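This one's a predicted model, so the numbers in the text were calculated from it and none came from an experiment. For ligands, and for the atoms within them, numbers begin at 1 and follow the listed sequence. Heavy-atom basis, side chains included; hydrogens, waters and symmetry copies ignored.
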Amino acid sequence: MTPKIVILTGAGISAESGLGTFRDVDGLWTKYDLNDVATPEGFARNPELVMDFYNARRANAAAASPNAAHAALARLEVDLQGEVLIVTQNVDGLHEAAGNRNVLHMHGALDSALCNACEHRWPAPAVMSVTDPCPRCKQQATRPDVVWFGEIPYGMDVISEALSQADVFVSIGTSGEVYPAANFVAEADHFGAHTVELNLDPSAGVSRFAETRFGPATEVVPQWVADELARAQK
Ligand code: OAD
């Protein structure tokens, strides 16, 4: 059998790389109002504040290294006789840094800039400014290429197709508070996938998973990957 595995990741997988989560004690949303820094309206009100927020996150992400959980998922993609798609809500590049190739950033990526005027994308500078002109249309309409609340996540068609074909769906380090990602488990289950939650604490949707393993990502993810590879070789 050549299993198809879809893996949803959230901030929890990068926590042990030193990147903050959103809703945990000390999380980003305890320090910032998401309406100010993660909505189109907030950006229209105060673009400098939003740029500063993502410039700081870009600097943190650039200084971070993948941890044992990212490394285990990279090993899975290489060693599994099957298909692995990582759908990440994270805007850091730690899955790619660990070696994963098949990664879909549904909430965008810090290393990309987007023109609000012509939708051109280009590699983000380390420090992005509202006065940066778009390299294509030259307008000063630069924004981080991240998906804000009220915007449609990227790649939804590809994700829905992958969920409908998946043999296994795994959710790692996400609170299950944000849709549409929070609904992927129901979609995958509907199409017959085995569903697994790997998390520090049970997510909001924990009852929807067939299998759960709780603990730090650097422990539970490598264990699950080892079990999955052993199972696939039987
Ligand atoms: P949250 O902060 O909502 O949830 C983090 C999850 O990671 C929680 O379930 C924690 O229990 C878990 N966690 C924390 N430390 C962990 C560790 N060491 N190992 C494993 N799990 C750990 O983050 P997300 O679910 O990713 O969107 O948030 C989803 C979206 O909400 C984000 O993409 C972002 C945010 O607002 C936008 O900004 C659009």
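- Within the 4.5 Å cutoff, the side chain of Leu200 has no heavy atoms near those of the Phe214 side chain.
- When hydrogens are left out, the protein atom nearest atom 33 (O) of ligand 1 is His107 ND1, 2.8 Å; that is the closest non-hydrogen contact.
- With respect to atom 11 (O) of ligand 1, the closest heavy atom belonging to the protein is Asp201 OD2, 3.3 Å.
- The distance from ligand 1 to the heavy atoms of Glu16 drops below 4.0 Å at these ligand atoms: 17 (C), 18 (N), 19 (N).
- Nearest protein neighbour of atom 32 (C) of ligand 1, counting heavy atoms only, is Phe22 CE1, 3.5 Å.
- Taking each of Val91, Val25, Thr174 in turn, the one with a heavy atom nearest to atom 25 (O) of ligand 1 proves to be Thr174.
- Annotation: atom 37 (C) of ligand 1 to nearest protein heavy atom, Phe149 CE1, 3.8 Å.
- Between Thr218 and Asn67, the side chains place no donor N or O within less than 3.5 Å of an acceptor N or O (distance only, hydrogens not considered).
- Among Gly27, Gly12, Pro153, the residue whose heavy atom sits closest to atom 16 (C) of ligand 1 is Gly12.
- Geometrically, ligand 1 and Ala217 share a nitrogen or oxygen pair separated by less than 3.5 Å.
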Let me have the donor-acceptor pairs involving side chains of residues 113-124, under 3.5 Å, with sequence neighbours excluded, atom names and distances please.
from   : atom 1 : to     : atom 2 : distance (Å)
Arg121 : NE     : Asp145 : OD1    : 3.4
Arg121 : NE     : Asp145 : OD2    : 2.7
Arg121 : NH2    : Tyr154 : OH     : 3.3

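- Ion pair Arg213/Glu228 not flagged as a salt bridge, since none of the NZ, NE, NH1 or NH2 atoms sits closer than 4.0 Å to an Asp/Glu carboxylate oxygen.
- Every atom of ligand 1 with a heavy atom of Pro216 under 4.0 Å away is listed here by number and element: 19 (N).
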Using residues 39-47 as the side-chain source, report each donor-acceptor pair under 3.5 Å to any protein atom, sequence neighbours left out, with the distance given to one decimal.
from  : atom 1 : to    : atom 2 : distance (Å)
Thr39 : OG1    : Asn35 : O      : 2.7
Thr39 : OG1    : Gly42 : N      : 2.9
Arg45 : NH2    : Asn35 : O      : 3.2
Arg45 : NH2    : Asp36 : OD1    : 3.3
Asn46 : OD1    : Leu49 : N      : 3.2

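- Remark: of the listed residues His105, His107, Met106, His105 is the sole one forming a side chain to side chain contact (heavy atoms under 4.5 Å, CB included) with Thr88.
- Within the 4.5 Å cutoff, no side-chain heavy atoms of Gln89 are placed close to those of Pro153.
- Considering backbone and side-chain atoms alike, Trp148 places every N or O at 3.5 Å or more from each N or O of ligand 1.
- Residue Gly173 has at least one nitrogen or oxygen atom sitting less than 3.5 Å from a nitrogen or oxygen atom of ligand 1, judged on distance alone.
- Between Glu83 atom CD and Asp167 atom CG the span is 9.5 Å, to the nearest 0.5 Å.
- For the pair Asn90 and Thr9, the minimum side-chain heavy-atom distance is below 4.5 Å.
- When only non-hydrogen protein atoms are considered, atom 9 (O) of ligand 1 lies nearest to Asn199 ND2, 3.1 Å.
- Distances from atom 3 (O) of ligand 1 to the heavy atoms of Ser171, Ser175, Gly20 put Ser175 nearest.
- Exactly one of Leu73, Val170, Asp79 qualifies for a side chain to side chain contact (heavy atoms under 4.5 Å, CB included) with Val225. That residue is Leu73.
- Among protein heavy atoms, the minimum distance from atom 31 (O) of ligand 1 is reached at Arg23 NH1, 3.0 Å.
- Here's the thing with Asn90: none of its N/O atoms is less than 3.5 angstrom from an N/O atom of ligand 1.
- Checking Asn60 against Arg57 by side-chain atom types alone, no donor-acceptor pair falls below 3.5 Å.
- When the heavy atoms of Val206, Val147, Leu200 are ranked by distance to atom 21 (N) of ligand 1, first place goes to Leu200.
- Ligand-side atoms of ligand 1 in range of Gly10: 26 (O), range being under 4.0 angstrom from any heavy atom.
- Using modelled atom types, one finds a donor on one side chain and an acceptor on the other under 3.5 Å when comparing Glu197 with Ser203.
- With a 4.0 Å cut-off on non-hydrogen atoms, Gln89 touches ligand 1 through its backbone as well as its side chain.
- Closest protein heavy atom to atom 36 (O) of ligand 1: Trp29 NE1, 2.8 Å.
- Interface of Val178 with ligand 1, defined as ligand atoms under 4.0 Å from a residue heavy atom, comprises 29 (C), 30 (C), 31 (O).
- Annotation: side chain of Leu104 is not in contact with side chain of Ile86 (no heavy-atom distance under 4.5 Å).
- In terms of protein heavy-atom proximity, atom 26 (O) of ligand 1 is nearest to Ala11 N, 2.8 Å.
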